[in-house]
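Notes to accompany the following structure.
In the text below, chain A, chain B and the rest are named by the order of the sequence lines, each starting its count at 1.
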There are 2 protein chains.
Amino acid sequence: MSDRRVTADDVARLAGVSRATVSYVLNDHPHQTIPEATREKVRRAAASLDYTPLASARILSRGRSDVVVMLIPDLPLGSVVPAVMDSVAETIAPNGLELFLHRCPPGRDIKNLWNAITPVAVIRLGSLGPENDESLRRSQIGFLVELANSELEQGLVLFPGLETGELQVRHLVERGHLRIGYAWPDDDRVTNFASARLRGVQKACAELGIAEPVVLTLPFNPAGAAASVDSWREAGVDGICAFNDELALAIIRVAQLRGIEIPQDLAVVGVDDLPQAAFSVPPLSTVAPRPDKMGQFVARRLLDGIAGREPGSLDPSDGFIRLIERDSA
Amino acid sequence: MSDRRVTADDVARLAGVSRATVSYVLNDHPHQTIPEATREKVRRAAASLDYTPLASARILSRGRSDVVVMLIPDLPLGSVVPAVMDSVAETIAPNGLELFLHRCPPGRDIKNLWNAITPVAVIRLGSLGPENDESLRRSQIGFLVELANSELEQGLVLFPGLETGELQVRHLVERGHLRIGYAWPDDDRVTNFASARLRGVQKACAELGIAEPVVLTLPFNPAGAAASVDSWREAGVDGICAFNDELALAIIRVAQLRGIEIPQDLAVVGVDDLPQAAFSVPPLSTVAPRPDKMGQFVARRLLDGIAGREPGSLDPSDGFIRLIERDSA
DNA sequence: CTACTCTACTTAAGCGCGCAACTGAAGCGC
DNA sequence: GCGCTTCAGTTGCGCGCTTAAGTAGAGTAG
């Protein structure tokens, strides 16, 4: 809040050295022989003035910034996105990189963003719409990681929908539930996720030689949910793959009010592992994302890309999700 | 991804004018008389080269950046923080400002951040710990908005805990529930929020001349929750203020399993207005935050501060929360 | 015809920093 | 005492942009 910024010149003057020396000391520049006494003098001066180099000047001079921007459309970000962020941030921190999140609602034009910030890399977390995706690719950003919400979008898939659906079905079948239902969400914004997961369910059913899943949209209110549950029961369904835990928990609650025993009469498997999932009665079996693994994968890609290395050929979807077996199936 | 960045020089050369003219045109500089023909030439050249000014150079030159950073500790960010972000972003966008979120776990030192970015302003969303808070204040940031999680922390309060607690009690009392219980969360990270809300509850009880609330920690599992509900019932409690909707919904579920009628035997009021709240049986009455109002308030403060104006003397807590009356009380 | 104004630009001075290249002094072998 | 290397710094350029100040030419007033 002072009037004029403190610059490296001020530090140099106070320390009685040149500006270059200040820069060398504060950046721990290699190939430079500076005795500890001088270093200490400089560091003291910098500290006493609360000196912080001006990022813009630093970046301009080095020709490279340390900012990674994560661009996310205005999807409802649950607890997994922040967790992935934390994991990415932690992994790239040793390289001096800092992660920032920027929300990007459908209507907004990205172009103005680059007037404000010069990232080394950006992580696109799901599609931002055709024009923005395109302009992102054409822009002069060092490195771009394109993440997809599901196998149906372009980009790397963090949350593999196919595999998720398969895991759900295989678990139900293992426990003896052979007539599968799918609880489809009543929210357009997540259609992409849902489609991929349903495909996984269908694929697994085919592979296991059981009947096609009975797909019903699950309205997010008690009456509607109850109706869907009744329909499934009439169709002989005894195992439900829910799009996510919210739906799964709703199903469990509604079913219990109707005297349906879980998992004997009806088994349910969710997705997400919400905190509530562990504490429902019975505790919900669910396919959980592993944000730490996801973040580490993204961060590695990022670091490889920035360094100009070819990204390692690891299997992206390896270990990103896991089945948590509890008692609802 | 091209080898060399496209600079204003390239655009100038292509358009057949000087670099200064390019800058004047692209920034719509006032007090400059440039015929439309020339403007068009420049704009075409810029577009055909996909020119984006280098933010760092721009900022260095203008001595001012357009970046607002929102710093948030690693609290679980629900749906309200993103909503506040969107509201802030939208309000400041007409001024050319861009909002970025940066998470700041307790251990992390903020200092390195300013090597990466030079914000005009930062919004501190809750305390980042004593050292970081202090270093933030000493740093050379243009403007700092300090937001508090509750009345118990330093800074402006967006989510007024006192008022929240009061609203809960007054609603219960209006509906004839005079013996109040308070459901305390089993999570250390939210103690600050909870304390303020509880104080509001206690204050309202005192003012209305009813007994002190019976405070019980509500374990987030069915058995524990059931035990708490039993204790309240034994104490004659017929109206519960829950710390948040999650707890409120858990209470409703547990109570129903025990044959307790809601709201006749036991009324419950939550906080947050989760999506599930509207669809529980009975629908949950709750104190809802209004992220749009919060965001607009923060944005106004920000714009005033950046412009050097004294912030308007509006009542910060006005309209930030509201009671949503449904059927659980 | 000169002096002035207005238009439509251009020239050039920074912004603060990093880093390559240079320099002066000290140390050392012969 | 000479040339060589190492130490401990300094000088100065350039990153790409904004913007104050300047200027050539056309138009107009007197």
Side-chain angles (χ1 to χ4, degrees), chain A residues 2-13 15-43 45-46 49-66 96 114-118 120 140 142, chain B residues 2-42 45-46 49-66 96 114-118 120 140 142:
Chain A
S2 67
D3 231 23
R4 210 178 53 77
R5 269 195 77 93
V6 176
T7 73
D9 261 323
D10 300 322
V11 178
R13 217 169 302 123
V17 296
S18 74
R19 217 170 34 80
T21 306
V22 171
S23 172
Y24 287 135
V25 170
L26 297 183
N27 293 322
D28 260 337
H29 195 93
H31 314 307
Q32 209 65 27
T33 52
I34 300 174
E36 189 51 34
T38 307
R39 286 173 187 274
E40 197 47 36
K41 238 185 351 186
V42 171
R43 280 194 283 253
L49 294 175
D50 271 331
Y51 169 67
T52 311
L54 189 67
S56 50
R58 207 163 180 268
I59 296 166
L60 178 60
S61 174
R62 295 197 315 160
R64 176 183 180 286
S65 95
D66 291 325
W114 316 135
N115 282 337
I117 209 166
T118 321
V120 238
Q140 308 181 39
Chain B
S2 66
D3 232 23
R4 211 178 53 76
R5 268 195 78 94
V6 175
T7 74
D9 262 324
D10 300 322
V11 177
R13 217 168 302 125
L14 182 59
V17 297
S18 72
R19 226 191 17 193
T21 306
V22 171
S23 173
Y24 287 135
V25 170
L26 297 183
N27 292 321
D28 260 338
H29 195 93
H31 315 305
Q32 209 64 26
T33 51
I34 300 174
E36 190 50 34
T38 307
R39 287 172 187 274
E40 197 46 37
K41 235 182 358 183
V42 171
L49 294 175
D50 272 330
Y51 169 68
T52 311
L54 189 67
S56 50
R58 203 162 182 263
I59 296 166
L60 178 61
S61 172
R62 296 198 316 161
R64 175 182 181 286
S65 95
D66 290 326
W114 316 135
N115 282 337
I117 208 167
T118 320
V120 239
Q140 308 181 40

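Atom C1' of nucleotide D:dG14 and atom CZ of B:Arg5 are separated by 16 Å, given to the nearest angstrom. In this structure, A:Lys41 atom NZ and D:dA8 atom P are separated by 12 Å, rounded to whole Å. Look at CD on B:Glu36: it is 12 Å from P on C:dA8, rounded to the nearest Å. Rounding to whole angstrom units, CZ of residue A:Arg13 and C1' of C:dG16 are separated by 13 Å. Rounded to whole Å, the distance from CZ on B:Arg39 to P on C:dC9 is 10 Å. Nucleotide C:dG18 holds its C1' atom 13 Å from the CG atom of A:Asp66, rounded to whole Å. The distance between atom OH of B:Tyr51 and atom P of D:dG16, rounded to the nearest whole Å, is 10 Å. Look at CD1 on B:Ile59: it is 17 Å from C1' on D:dT19, rounded to the nearest Å.
Atom CG in B:Asp66 sits 11.0 Å away from atom CD1 in A:Ile117 (nearest 0.5 Å). A:Ser18 contributes atom OG, which lies 9.5 Å from atom CG of A:Asp9 (distance to the nearest 0.5 angstrom). Taken to the nearest 0.5 Å, the CZ atom of B:Arg19 stands 11.0 Å off from the CG atom of B:Asp10. Atom OG of residue B:Ser61 and atom CG of residue B:Leu54 lie 11.5 Å apart, to the nearest 0.5 angstrom. Between the CZ atom in B:Arg13 and the CG atom in B:Leu49 there is a gap of 10.0 Å [rounded to 0.5 Å]. Rounding to the nearest 0.5 angstrom, the gap separating the CZ atom in A:Arg39 from the OG1 atom in A:Thr21 is 10.5 Å.
Closest of all the heavy-atom pairs between A:Ile34 and A:Tyr24 is CD1-CB, 3.8 Å. Scanning both residues, A:Ala116 and B:Ala55, for their nearest heavy atoms gives C-CB, 3.7 Å.
Closest to the side chain of B:Arg62, from the set C:dG16, D:dT19, D:dG16, is D:dT19. Candidate nucleotides D:dG16, C:dC17, D:dA8 were compared by shortest atom distance to the side chain of B:Leu60, and D:dG16 ranks first.
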Protein N or O to nucleotides 12-14 of chain C N or O, pairs below 3.5 Å:
| from | atom 1 | to | atom 2 | distance (Å) |
| --- | --- | --- | --- | --- |
| C:dG14 | N2 | B:Ser61 | OG | 3.3 |

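For C:dG18, the OP1/OP2 oxygens have a side-chain nitrogen or oxygen of A:Arg58 closer than 4.0 Å. Considering only side-chain N and O atoms, B:Thr38 lies under 4.0 angstrom from the phosphate OP1 or OP2 of C:dC9.
Interface residues of residues 21-29 of chain A facing DNA chain D, ordered by number: A:Thr21, A:Tyr24; criterion, heavy-atom separation under 4.0 Å.
Residues B:Asn27 and B:Arg58 bring a donor and an acceptor atom of their side chains to less than 3.5 Å of each other.
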